[in-house]
Each structure stands twice: as structure tokens, then as C-alpha cells.
Amino acid sequence: MATTKAPDAGRRSDRSRRAIHDAALALVTEQGYRRTTIEGIAARAGVGKQTIYRWWPSKAAVLMDAFLDLAGRAAEDTDGAPQSDGAASSGGSAPGFPDTGDLAADLKTVLRATVDELNNPVLEAVTRALTAEGIVDAKLGAEFVQQLFDPQLALYVTRLRAAQEAGHVRAEVDPRIALELLIGPLMHRWLLRTLPLTHAYADEVVDYAVGGLTPRA
């Protein structure tokens, strides 16, 4: 008698999780964070509401997980592409951040990639939703910073410390404050939409910031 192969529960769970992620991202992009509901995500994903609550405690947790998954997939896609996103170009650099010996050029490479990410319509709506919600929800905001921003900021600190050791940045400069001179202006322009966020603007931010970091004659 022929035997029937048991369904692969792990594969089914992976498909369900991906469907829920995709549904959450799509709904937030289409109608915003506040109008997105667990019920709506479940209906779009074709799963029961209890399936979502079995894995996540809240709508914010679903969206956070979906966003991190999306960012991870984007990073995987970039790994197989030409290195224009700040990938290491010398053995002493941190993964994901170049160290060619030219601090300004390396920072421009990374900030241009940041501009591209912030202007990416697939990522923009979700990033804005999580950023805005994190302002009013301190717990979500802390999680967003811890999981997404802190690992990226650590790369800036590593690169700036390497520049200090090479004598390209003054020894008394605090790398954690210095990186905010670079990232802060981009986030301000992007969040408030004061002016277009462009590669040319990123380059100018680097030139202004590096001018204040380098040793004085």
C-alpha cells in the first residue's frame, strides 16, 4: 500500500511567516501603520488571526520582524552584486564599511547607499511608519534602534576609530558624536522632506563634517 508523505510543518510555517511579512509590509505601504490591523494582515496573508498571535505579540512586532526580514533579504541580494554599497575594500575594514585609507571617499560611499535606501519606495513607507510609531511607543522605538540602527552605527564607530589611529581624525573626537554629524542631516531632510535627498547632498555633508574632524594645522 502506498504511503502518504507527512506535510513538512517547518516548510509550511516558513511559507506562512513569509506571507504574513509580505502582507504586513504591503498593507502599511498602501494604507499606513495606524489603519493596518492584525485582522487585515491575517486576511491578506490567508492565515488565521491566532496564527499571527502565536508568533508575535502585537502589530508592531509583526511589522518589525517583517522589516528586518526585508532588510536581510536586501543585504543578501547586495552580496551578490557589484560592491557599490560600502562593502569592504581592504582587509582591515569592518564588514559592510569600506576602508580605502580615504575617509571622505569611504563615508561618501556609505552615505550615498543610505540615500538610496531611504529613497527606495519599497523600504520608505515601512521605515517612516516604524520611525513615527517609535516616537510615541518608547518600547518599539528602543527595539527599532537596537535591532536596526545600533549595528549600523557600530560600523561608523569602527571606521572612525581606524581613522583616528591613522592620524586622519583628531584623537579627542568622540566617534559616536561624530557619526551623528553625518547621519543626522540625512535623517532630518528625509523625515521632514525639507529638500530632496540626493547623492550630491550626502557628499556635501561628508565634506562639511570631515572638515571639522580632521587635524588642524
Side-chain angles (χ1 to χ4, degrees), residues 67-68 71-72 74-75 78-79 81-132 134-135 138 141-217:
F67 183 80
L68 292 173
T78 302
D79 285 343
Q83 300 297 338
S84 60
D85 63 338
S89 58
S90 74
S93 61
F97 211 114
D99 187 352
T100 64
D102 185 332
L103 178 62
D106 294 342
L107 291 172
K108 287 177 182 179
T109 296
V110 174
L111 260 65
R112 283 181 170 220
T114 301
V115 166
D116 292 340
E117 290 174 1
L118 292 173
N119 287 331
N120 183 335
V122 176
L123 298 173
E124 182 178 14
V126 183
T127 307
R128 285 188 181 278
L130 286 169
T131 301
I135 294 173
E143 185 180 357
F144 193 42
V145 169
Q146 180 182 20
Q147 294 198 44
L148 183 68
F149 287 118
D150 281 349
Q152 298 177 16
L153 299 183
L155 298 178
Y156 280 87
V157 170
T158 298
R159 180 63 185 89
L160 289 167
R161 282 179 176 156
Q164 283 180 314
E165 293 172 2
H168 301 154
V169 169
R170 298 197 313 277
E172 70 272 18
V173 167
D174 183 334
R176 187 58 180 76
I177 295 176
L179 69 86
E180 293 179 358
L181 301 177
L182 299 158
I183 297 172
L186 264 66
M187 294 303 297
H188 177 273
R189 180 173 285 205
W190 176 75
L191 280 171
L192 300 182
R193 297 186 174 98
T194 53
L195 287 169
L197 188 62
T198 64
H199 285 180
Y201 176 67
D203 288 352
E204 288 193 70
V205 167
V206 171
D207 288 338
Y208 291 173
V210 170
L213 301 174
T214 51
R216 295 170 181 147

Taking the side chain from Arg170 and the backbone from Gly212, do they hold a donor-acceptor pair closer than 3.5 Å? yes
Interatomic distance, Glu180 atom CD to Tyr156 atom OH [nearest 0.5 angstrom]: 12.0 Å
Can you see which heavy atom on Arg159 is nearest to which on Asp106, and at what distance? NH2-OD2, 2.9 Å
Would you mind reporting whether Val115 and Tyr201 have side-chain heavy atoms less than 4.5 Å apart? no
Using modelled atom types and a 3.5 Å cut-off, is there a donor and acceptor pairing between side-chain atoms of Gln164 and backbone atoms of Val173? yes
Mind checking whether Phe67 and Leu130 have side chains closer than 4.5 Å, heavy atoms only? yes
Can you see whether His199 engages Asp116 through a side-chain donor-acceptor pair at a distance of less than 3.5 angstrom? yes
Contact summary for Leu191 and Arg128, nearest pair of heavy atoms: O-NH1, 3.3 Å
Once you round to the nearest 0.5 Å, how far does NE2 of His188 lie from CG of Leu195? 10.0 Å
Check Ala202 against Leu186 and note the closest heavy-atom contact, atom names and distance. CA-CD1, 4.4 Å
Residue pair Pro215 / Gly167: nearest heavy atoms and the distance that separates them: CG-O, 3.4 Å
Keeping the roles fixed (side chain from Arg176, backbone from Val157), state whether a donor-acceptor pair exists under 3.5 Å. no
Partner of Lys108 under side chain to side chain donor-acceptor pair (under 3.5 Å), chosen from Asp207, Asp102, Asp203: Asp207
Nearest 0.5 Å, please: how far is CG in Asn120 from OG1 in Thr127? 8.5 Å
Could you give the distance from CH2 (Trp190) to OG1 (Thr114), rounded to the nearest 0.5 Å? 11.5 Å
Shortest non-hydrogen separation from Gln146 to Pro151 and the atoms involved: O-CD, 3.4 Å
Does Leu182 reach the side chain of Val206, with side-chain heavy atoms less than 4.5 Å apart? yes
Non-hydrogen atoms of Leu160 and Pro175 that approach each other most closely: CD1-O, 3.6 Å
Can you tell me how far CG of Asp174 sits from CZ of Arg161, rounded to the nearest 0.5 angstrom? 8.0 Å
Would you say the side chain of Val205 lies within less than 4.5 Å of the side chain of Leu111, judging by non-hydrogen atoms? yes
Using the side-chain contact (heavy atoms from CB on, under 4.5 Å) definition, which of the options Leu103, Val110, Thr109 pairs with Leu107? Leu103
